[in-house]
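Reviewing the structure listed below.
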Amino acid sequence: MSKSKSHHDKPHDEDSISIAGGEALIVPTHFRCPISLDLMSDPVTLSSGISYDRDGIETWLKAGNFTCPVTNQVLMSFDLVPNHALRRMIQDWCVQNLRFGVERIPTPRVPVSGDEIAAVLARLESAAKRLDEYDCRECLRKMTSWGNESERNRISIASNGAAGVLAAAFDGFARETVEKRAVVLEELLSSMSWMFTMSSRAARDRLASAESVKALLWFLKSNGSRIAAKQNSLIALRELLLASSKRERVAESMLEIEDLHQILFGFLRSPISPAITKLSLTLIFQLLQISTSKSSDRFKSSLIDADLVSFLLETIISSSKERSVSEKALGILDKLCDDSKGRAAASGNSLTVPLLVKKILRISAAATEFSVSVIWKLGRCDQRALVEGLQVGAFQKLVLVLQLGCGEETKEKATATLKMMNPFRNEFECTESLDFKNLKRSF
């Protein structure tokens with residue numbers, strides 16, 4: 001393990017701060033972090049007795065090092081002990097040199113310890129088993145306070161298994177009447193929403209019970225639930241469908257709700273917030289992608305009957321600068337076109353083919369794949385789609401897709417579409433409408 005560069009290796013003029021008049025203010029070397037050589041703002045001491053700035057030494061240890069950077073001594077402990085005396089000396093030095101433009105470093109908050117987190121989680125787990133709503137909310141407030149202090153605290157809370165404990169608590173309270181437990185369920189949901197990206201699949205699985213899913217859907221349906229609760233419910237459902245080992249079961253539980261299509265489509269037709277719009281599109285796409293049951297067919301049919309196809313086309317046009325929204329809308333359109341009613345709705349809209357051709361190689365690889373797939377599905381069932389495609393330059397676009405590179409499935413669909421279009425080229429192809437500006441590679 002290589003030894004870190006110490007402050008003795010740095011030229012003398014870098015141990016100073018430039019001030020007015022071209023003079024230099026000398027910074028005491030023991031106020032500088034031996035790793036970054038910057039003035040320490042949160043000095044901590046290792047078991048070797050050497051002090052470092054907290055951010056610097058944490059980065060060193062997270063990289064897999066187990067020695068002291070200065071002494072190269074193997075550390076007997078990875079505990080970082082705040083050096084309050086040194087920090088106060090640095091603060092006093094900053095105050096004495098305020099006239100030279102030196103700012104006083106703030107007193108840092110001590111990060112929450114693993115033992116503190118474990119104690120609160122044990123208390124919360126016990127409170128949830130007793131269905132003690134008051135004590136559970138007290139624990140949540142404590143964790144929220146810690147999380148608001150720093151990102152470091154959030155990572156520590158999540159890494160100590162908080163998401164799994166909160167998911168189990170949510171499931172316990174969800175087995176009661178949801179309306180009766182709505183307050184504590186909403187607070188649990190709020191805390192979990194920022195932990196998902198840092199939690200394990202096991203934590204998501206604990207939230208995948210039928211009772212929990214019904215409670216999440218209740219927040220979506222309830223007119224009395226707050227916007228934040230609806231958004232956090234959508235986040236939780238997205239994570240369950242994305243990374244839970246029980247995603248098929250979750251999808252089926254959701255699809256059993258007869259008015260699910262009205263709830264999600266309602267968020268699209270009457271937007272509450274951009275985040276909720278994106279989350280609703282994501283959920284619709286995930287549900288259509290995961291499930292192949294009769295419930296899924298009914299859900300798909302209901303969306304088509306509600307004229308989702310026209311809405312998606314309008315969304316793609318209006319969200320030209322929102323790549324993720326366009327991608328999701330194209331993905332849903334591709335899934336709807338697996339159904340004959342979906343293909344009929346798409347073919348019957350004069351915007352469909354020109355818009356799909358325009359989006360090829362314009363947004364992303366995923367958007368190109370979805371666009372090619374929809375054109376292929378329409379072309380197999382309706383020659384008019386092939387003619388319309390030729391008239392707006394689809395043939396050249398598909399050739400470009402093959403030349404620039406794409407996935408195997410997209411390659412097969414593009415090739416098949418070109419073969420279907422070829423007999424109509426002499427009579428219907430128009431190249432004057434082509435516009436190849438801003439084309440993007442598919443990879």
Side-chain angles (χ1 to χ4, degrees), residues 189 193 213 216-242 250-251 253-291 295-339 341-352 355-356 358-359 363-364 366-367 370-371 373-374:
L189 200 53
S193 64
V213 172
L216 293 171
L217 291 170
W218 180 88
F219 282 110
L220 297 184
K221 295 170 64 175
S222 174
N223 293 325
S225 62
R226 298 188 303 165
I227 292 176
K230 294 182 186 297
Q231 181 170 320
N232 290 331
S233 295
L234 288 167
I235 290 172
L237 290 168
R238 178 196 64 190
E239 293 298 319
L240 291 177
L241 293 175
L242 184 68
V250 173
S253 295
M254 293 177 66
L255 292 169
E256 286 175 5
I257 306 299
E258 290 188 4
D259 57 348
L260 179 64
H261 71 283
Q262 294 177 350
I263 298 170
L264 296 178
F265 196 11
F267 290 145
L268 300 178
R269 278 188 299 203
S270 304
I272 299 175
S273 72
I276 287 180
T277 298
K278 292 178 183 178
L279 287 165
S280 300
L281 284 169
T282 300
L283 280 188
I284 292 173
F285 177 72
Q286 289 175 319
L287 288 168
L288 293 174
Q289 187 179 43
I290 293 171
S291 180
S295 299
S296 177
D297 293 338
R298 185 176 64 246
F299 177 66
K300 185 186 298 180
S301 180
S302 298
L303 290 172
I304 296 168
D305 292 340
D307 202 19
L308 179 60
V309 170
S310 295
F311 179 85
L312 291 172
L313 294 172
E314 292 169 7
T315 299
I316 295 165
I317 293 171
S318 62
S319 60
S320 57
K321 295 183 179 179
E322 286 276 354
R323 190 179 81 167
S324 63
V325 172
S326 295
E327 270 187 15
K328 292 179 179 67
L330 286 166
I332 295 170
L333 182 61
D334 181 38
K335 294 298 177 185
L336 295 181
C337 285
D338 287 333
D339 187 283
K341 287 201 306 182
R343 291 192 296 273
S347 295
N349 193 309
S350 59
L351 291 174
T352 303
L355 189 57
L356 290 170
K358 183 177 181 180
K359 294 305 174 183
I363 302 175
S364 65
F370 294 138
S371 298
S373 180
V374 175

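Every value quoted in this text rests on a predicted model; they were computed, and no experiment measured them.
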Q | Pair Lys341-Asp305, side chain to side chain contact (heavy atoms under 4.5 Å, CB included): steps then yes or no | A | CA-CA 8 Å; Lys341 287 201 306 182; Asp305 292 340; 2.9 Å; yes
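- Heavy atoms only, all atoms of each residue included: Val309 and Gly342 are closest at CG2-O, 4.3 Å.
- Taking OG from Ser296 and CD from Gln289, the interatomic distance works out to 11.0 Å, rounded to the nearest 0.5 Å.
- A 4.5 Å side-chain heavy-atom check between Leu288 and Phe299 finds at least one atom pair inside the cut-off.
- Using a 4.5 Å cut-off on side-chain heavy atoms (C-beta onward), Leu356 and Ile316 make no contact.
- In this structure, Leu217 and Ile263 have side chains that are not in contact, with every pair of non-hydrogen atoms separated by 4.5 Å or more.
- With contacts defined as side-chain heavy-atom distances shorter than 4.5 Å, the pair Leu189/Ile235 does not qualify.
- Listed by first and then second residue, the salt bridge (Lys or Arg N to Asp or Glu O under 4.0 Å) pairs involving residues 224-238 are Glu186-Arg226 (not counting sequence neighbours).
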Q.
What verdict does the side chain to side chain contact (heavy atoms under 4.5 Å, CB included) test give for Leu308 and His261, after you've listed the backbone C-alpha separation in whole Å, the side-chain angles of each residue and the deciding distance to 0.1 Å?
A. CA-CA 10 Å; Leu308 179 60; His261 71 283; over 6 Å; no
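- Between Leu216 and Leu240, some side-chain heavy-atom pair lies under the 4.5 Å cut-off.
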Taking distance alone, no hydrogens or angles, what donor-acceptor pairs closer than 3.5 Å link side-chain atoms of residues 271-278 to residues at least two apart or in another chain?
residue : atom : partner : partner atom : Å
Ser273  : OG   : Ile276  : N            : 3.2
Thr277  : OG1  : Ser273  : O            : 3.2
Lys278  : NZ   : Glu322  : OE1          : 3.2

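- In this structure, Leu355 and Ile317 have side chains that are in contact, with non-hydrogen atoms separated by less than 4.5 Å.
- For the atom pair Ile284 CD1 and Lys335 NZ, the distance stands at 14.0 Å (nearest 0.5 Å).
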Q) When you look at Leu264 and Leu287, which way does the side chain to side chain contact (heavy atoms under 4.5 Å, CB included) test go after all the steps? A) CA-CA 11 Å; Leu264 296 178; Leu287 288 168; 4.1 Å; yes
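- With a 4.5 Å cut-off on side-chain heavy atoms, Leu313 and Leu333 count as touching.
- At least one donor-acceptor pair under 3.5 Å links the side chain of Thr352 to the backbone N or O of Ala346.
- Side-chain contact between Leu281 and Leu312 is present, with heavy atoms from C-beta onward closer than 4.5 Å.
- Between the CZ atom in Arg343 and the CG atom in Asp338 there is a gap of 7.5 Å [rounded to 0.5 Å].
- The backbone N or O of Glu256 lies less than 3.5 Å from no partner atom in the side chain of Ser295, so there is not a single donor-acceptor pair.
- Here OG of Ser364 is found 3.0 Å from CD of Glu327. Values are rounded to the nearest 0.5 Å.
- The ring-ring contact (aromatic ring centres under 6.0 Å, His included) check on Phe219 picks up nothing, with sequence neighbours excluded.
- Put simply, the side chain of Ser270 never gets that close to the backbone of Phe267: no donor and acceptor are under 3.5 Å apart.
- Distance alone, capped at 3.5 Å, places no donor-acceptor pair between the Ser222 side chain and the Trp218 backbone.
- Taking OG from Ser319 and CD1 from Ile363, the interatomic distance works out to 7.5 Å, rounded to the nearest 0.5 Å.
- Atom CG of residue Asp339 and atom OG of residue Ser301 lie 6.5 Å apart, to the nearest 0.5 angstrom.
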